[in-house]
Each structure stands twice: as C-alpha cells, then as structure tokens.
Amino acid sequence: MFQKEQQLIEEKIKAYCQANDIALAELKWQPIPFSGEWGFATSFFQTAANEAKLGKGDKAPVPQKAQGIAEQVKDILRRAQDGSVEGISRIEAVKGYLNVYFKTSDYARRVVDEVLASKADFGRGASKGERVMVEYAQPNMLHSFHIGHARNTILGEVLARLVEFAGFETIRASYPGDLGLGVITVVWMYEKFHKGQEPQDVHERGQWLLKLYVEATAMLEKKENEIPEQTAQREAFEAERREMYRQWDAGDSYVRELWKTLREWSLEELRDILRMLDVKMDVWFYESEVDEPSKAIVEELIARGIADDERPQGGAVIVKIDEKLGLTKEKYRTNVILRGDGTTLYLTKDLALAKVKFEQYHVDRSIYVVDVRQSLHLQQAFAILKLWGFPQAEKCHHLGYGFVSLPEGAMSARRGRVALFKEVYDEAIKRVLSVEAEKSADIPANEREKIAAQIGLGALVYSMLSVDNNKDIVFDINEALSFDGRTGPYIQNAHVRANSILKKSKIEGRKSDDLGPSTFDYELTKHEIELIEKISHFPNAVQQAAEEYRPLVMAAYAYDLANTFHSFYHAVNVLQTEDEKVKRARLRLVAAAKQTIANALRLLDIQAPDLM
Ligand code: ARG
C-alpha cells in the first residue's frame with residue numbers, strides 16, 4: 001500500500017548509512033496495526049548486529065546500537081520533511097524500531113482511492129522478472145474426472161492466478177497420463193465388446209469410458225469358485241489385453257488410432273470441465289510424448305556418470321541418488337530409470353518432461369500440483385535434476401494435497417466408486433435453483449440459471465480451498481454445498497450486498513464512481529477502520545500466498561474481508577447517513593470493498609455475482 005513512501009524513505013536511509021559508513025541490512029517493512037493511527041515500521045537490529053560484527057563504534061549491546069541508529073535515521077527523516085514523503089503525521093524511534101505514522105484521514109483516503117483507481121488491478125504485484133510454470137489438471141485418461149481431480153485442478157488454477165497476480169510470468173500446463181495398461185484395458189474393452197455404442201454427449205461419453213474400465217476389471221479378476229471354463233476365458237482375455245498393450249508399444253497403427261480416438265473423448269470431457277472451471281491451459285504435455293525422449297536421457301545420464309548401467313549384470317539402469325549427492329543417511333534412495341527390458345518408468349518420463357519445461361519453455365520455477373502420495377517420487381525427480389546440473393532444480397516445488405475420499409470410503413476407479421465432478425456440479429446448480437425459487441423471486445428467470453451456477457460452483461470451489469492442502473478431505477456433498485458460515489456463498493453475498501448499496505445510491509441520483517475524492521476527515525467508526533485496514537492488507541495477502549505457494553492464505557483472507565464487510569454492513573447504515581460528505585466517503589468505501597472482494601474471489605476462481 002505504501003511502496004512509494006517506503007521506497008522514498010529507504011532511499012534516504014540508504015544515503016545516510018552510506019555517508020556514515022553504516023553496514024545497513026535489508027529493510028523489511030511491516031504494517032503497524034491500527035491504534036488510533038496507521039503506519040508502518042522497520043527494525044535496525046540486523047544492521048546493529050552487522051556493525052557489532054565488524055567491530056565498529058562503541059561496545060554497546062545490539063539493542064542499544066539498534067536504537068541509536070533508529071534515532072539518527074529519525075532525525076534525518078525529520079529534517080527531510082520537505083514534502084517529498086506525503087501525509088506522514090509523525091515518526092518515532094522505539095526499541096530499535098522506526099515507526100512511521102500517517103494521518104488517519106489521509107491513510108483512509110489513500111487506501112480507498114488506490115482501490116478505485118486500480119480497480120481489477122488493485123493488489124497486483126510488480127513484475128518479478130521470473131517465469132513460473134504451474135502443472136496441474138493432469139488426470140489419467142479414459143478414467144473420467146472425479147472430485148479428487150477437481151481438488152487438484154482448483155488448487156492448481158488458484159495457485160496459477162496467485163503467482164501471476166503477484167508478478168510472475170505464468171504458464172499453465174497439463175500433463176495427462178495417456179499410456180499404460182490401465183488405459184489400454186479400456187481400449188481393449190471397447191474394441192472387443194462395445195464398438196459403436198458410445199454415447200454422443202461429451203460428459204456421458206467420458207463417464208462411459210470409466211464404466212468400461214470397471215466392467216473390464218471385474219471380468220479380468222479371478223473369482224472365487226471359478227469353474228475351469230471361466231478360468232480359461234479369463235486367461236484368454238488377459239492374453240488379448242497384454243497383446244494389445246504390446247502392439248500399442250510397438251506403434252501398431254490400428255491400435256494407436258483406436259487409442260487416439262478414445263483419448264480424444266476423454267480429453268473432450270476434460271476440456272469441457274476446464275471450461276466450466278474457467279481454466280485456460282497454455283500447454284498440453286502428454287506422458288506418451290515424453291516416453292521416447294526419456295530413453296535418450298537415460299543414455300546421457302549413464303555417459304555423465306550419474307546413472308549406473310547394471311544391465312550387463314542382468315539388472316537395470318539405476319541412479320544411486322543419495323550416494324551421488326554425498327548423503328550419508330537414506331533420503332532419496334536408489335532408483336531404477338530404465339528396466340532391463342528397455343522400458344522407461346514414470347520417473348524417467350518426469351526427467352524428460354522437466355527438461356522440456358526448462359529448455360523449451362525457459363521456466364525459472366516449476367510447480368507440480370500432485371497428490372501427496374507422489375511426494376517421494378517428485379523429490380527423487382528434483383534430486384536427479386540437480387545431479388544433472390539444472391539450476392532450476394532448486395526452484396522446483398511440489399504442491400501436494402491430501403486424499404479426497406467419500407463418507408463410504410476411498411474412491412476407487414477400479415470399482416467405479418467415485419464422485420464424478422460433473423454430477424456434483426449438476427446437483428449443486430439444482431440445489432441453488434430450488435432455494436432461489438423461494439427466496440429470490442426478484443431475479444429474472446433467465447438470470448437465475450447463470451447465478452445458480454456461480455453460487456453452486458462458488459460453494460464447491462471454496463470447500464476445496466478452505467482446507468489446508470495437506471489435509472485429507474472426506475467429501476460430503478451436503479457440506480460442500482452448504483451456504484452458511486465459512487463458505488463461498490457467504491463471501492459472494494458480501495459482494496452482492498455491497499453492490500446493492502451502490503445500486504440504491506444510484507437510484508437516488510448519485511453514481512459511486514462519480515462522487516469526487518474521498519474525504520475521511522470525520523471520526524471514523526470502528527467498523528470503517530476495520531474495513532479499511534482489511535482492504536489495505538490485500539496486496540500483502542497476494543504476495544504471501546504466492547511466496548508460500550498457499551491458496552489457503554487467500555481463501556482465509558477473502559473470508560475475513562467478507563466477514564468484516566458484513567459487520568460493517570450491519571453496523572453502519574450508509575444510505576441513511578445524514579452528512580452528505582460522510583455519506584459520499586462511505587459509498588466510496590463500499591465501492592472499494594466490493595472491488596477488493598471481487599479481486600479476491602477472482603483469485604480463488606470464484607465468480608462475484610451482483611445479485612443472489
Ligand atoms: N497423471 C498422474 C496421476 O494421475 C499425475 C501426473 C503428475 N505430474 C507429474 N509431472 N508427474 O497420478
């Protein structure tokens with residue numbers, strides 16, 4: 001909020017320290033919580049410690065030295081009260097800290113004016129000059145999109161929005177798993193028993209592929225009390241499935257075509273779900289496309305002495321990660337990167353994928369949104385990238401997330417026991433519509449469906465974001481679609497209320513955008529102060545969430561902001577305010593709150609409706 005002032009003050013401090021040979025440490029600024037005045041502070045402890053280490057000045061203890069520096073800086077800043085740093089009411093040096101305070105009316109005006117001037121860009125960070133790739137929404141194909149995939153996609157999209165808004169150039173990437181026996185099982189089942197029976201609707205067809213998988217798994221599974229004919233039948237099917245896998249691997253054109261067609265059905269469903277979730281992928285990598293390149297990488301790693309080729313002894317190609325990194329305790333273990341029969345592993349393909357990300361897309365940071373159970377796998381991949389010499393290996397990050405299960409137990413694609421995203425989504429809209437029909441008769445019928453989708457999805461998305469990513473979720477549809485308490489619709493409702501105040505004020509002939517400058521030179525109520533303060537924290541919340549790669553930070557912020565607004569709404573009757581000047585200031589504050597709520601919701605991939 002005060003970058004400009006902080007910068008000006010910093011320049012003066014730096015110049016002073018340079019002229020006086022003081023070893024200034026990096027200045028970190030923190031807001032001072034409101035106690036009659038707003039301000040920000042920085043400490044000189046690190047600088048004092050630097051000085052002590054260099055043996056400069058007297059032998060005073062560090063805290064005393066820090067206080068001394070704070071006082072000197074305060075003096076030069078006071079002398080420089082030449083108008084270059086606006087709006088400062090006073091500066092103090094306390095316990096090694098420099099506290100800079102602003103006039104309350106000035107601060108309030110600046111917060112509100114900045115939001116209203118920046119609009120959708122309020123809170124956007126300056127460019128960081130670094131490129132980030134966020135990889136998410138990478139389900140295995142032909143298995144249909146369930147609520148666990150939705151958690152992944154929502155976390156990934158929100159993280160992408162956060163890092164982008166915080167100032168990173170951001171690339172969104174998907175990496176569908178499109179090979180392996182599980183995928184081929186569906187192709188085999190289709191070819192053998194269901195050719196031409198596919199439903200035409202995109203979602204029905206995607207879900208139908210999962211049914212084929214469930215059917216095939218049951219058929220190929222050994223049963224209790226099998227009669228010999230059944231055993232023979234099952235074994236024959238198994239042989240066919242394996243043979244098809246072999247043909248796929250050998251590049252057989254018929255099998256490849258068939259596989260491509262089915263993969264495309266699966267992708268069509270995925271693309272439509274991404275559209276529903278407002279996700280626009282920039283890059284699509286496929287597991288099958290990095291398979292061949294990964295073989296060449298194995299050769300390179302052997303040649304460079306990173307991998308050991310034990311094939312001559314009847315073994316595989318392995319990387320003794322711990323040993324090569326010089327670790328004495330077991331951490332990453334030893335890993336196979338090529339089997340004796342020449343086939344690659346999941347890990348091998350991840351090495352090839354990372355190379356493409358680094359070399360073709362020139363990413364400085366690479367984030368993987370993947371289920372926590374793959375944590376060791378990814379740490380191993382990052383460790384090998386380090387041995388391989390990629391500087392970006394240090395900036396690879398795994399955003400893990402906990403398991404999503406159902407009240408009746410773990411989801412299982414094999415058993416067909418999954419909560420499909422599309423079904424939950426449809427149910428969400430249905431529920432909102434039935435409530436709206438009773439409560440919101442004033443919403444035009446053609447608007448209702450759109451708003452219902454915004455709210456239903458808002459509830460679902462927020463339920464996935466308000467839980468720490470590391471925690472498991474037992475997905476209960478009633479809980480996920482609840483509209484009370486800490487939920488998406490509660491936040492959306494704050495936006496709707498702010499909007500309704502502004503709309504009513506227009507009816508009375510005043511436009512919120514056209515109210516002139518905000519003047520807050522009256523005694524602000526507690527609720528106004530709290531709201532202004534919350535709004536002013538938004539840019540920090542953006543930076544914190546992006547730096548820590550934690551969507552939860554923004555989810556919690558959005559709820560707090562909405563909560564603060566609801567309290568303000570109940571306590572302060574904006575439209576009934578008698579003093580015209582005060583009313584104008586309050587209307588601008590409401591407009592600023594509305595904008596900030598909308599910006600926070602947008603980062604959370606939740607729509608901000610004007611009515612509900
Ligand atoms: N397709 C994988 C799965 O469903 C997730 C891919 C994760 N990304 C990666 N680069 N390994 O388990």
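Just follow the structure's listing: the first ligand is 1, and inside any ligand the first atom is 1.
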Assign the ring pair Phe193 / Trp188 to parallel, tilted or perpendicular, where the plane angle (0 to 90°) is split at 30° and 60°. perpendicular
Numbered atoms of ligand 1 (with element) below 4.0 Å of Tyr368, judged on heavy atoms: 10 (N)
Rounded to the nearest 0.5 Å, what's the gap from CG on Leu262 to CG on Leu267? Could you check? 11.0 Å
Look only at interatomic distance and state if Tyr346 has a nitrogen or oxygen under 3.5 Å from any nitrogen or oxygen of ligand 1. yes
Output the list of atoms in ligand 1 that are nearer than 4.0 Å to some heavy atom of Asn140, sorted by atom number. 1 (N), 2 (C), 3 (C), 4 (O)
Nearest non-hydrogen protein atom to atom 12 (O) of ligand 1, with distance, is Gln374 NE2, 2.8 Å
Would you please indicate if the ring centroids of Tyr190 and Trp265 are separated by under 6.0 Å? yes
Aromatic ring proximity, centroids under 6.0 angstrom, Tyr361 and Phe285: yes
Counting both backbone and side chain atoms, is some N or O of Glu287 under 3.5 Å from an N or O of ligand 1? no
Could you list the atoms of ligand 1 found under 4.0 angstrom from a heavy atom of Leu353? 10 (N)
Do me a favour and list the nearest non-hydrogen protein atom to atom 8 (N) of ligand 1 with residue, atom name and distance? Glu135 OE2, 2.7 Å
Using a distance-only test with no angle check, is there a side-chain donor-acceptor pair under 3.5 angstrom linking Tyr254 and Glu191? yes
Here the pair of heavy atoms bringing Tyr213 nearest to Ala413 is CD2-O, 4.0 Å
May I ask you to check if ligand 1 and Asp350 share an N or O to N or O distance below 3.5 Å? yes
Does ligand 1 come near enough to His377 that some N or O of the ligand is less than 3.5 Å from an N or O of the residue? no
Aromatic rings Tyr549 and His397: how do their planes relate, parallel, tilted or perpendicular, breaks at 30° and 60°? tilted
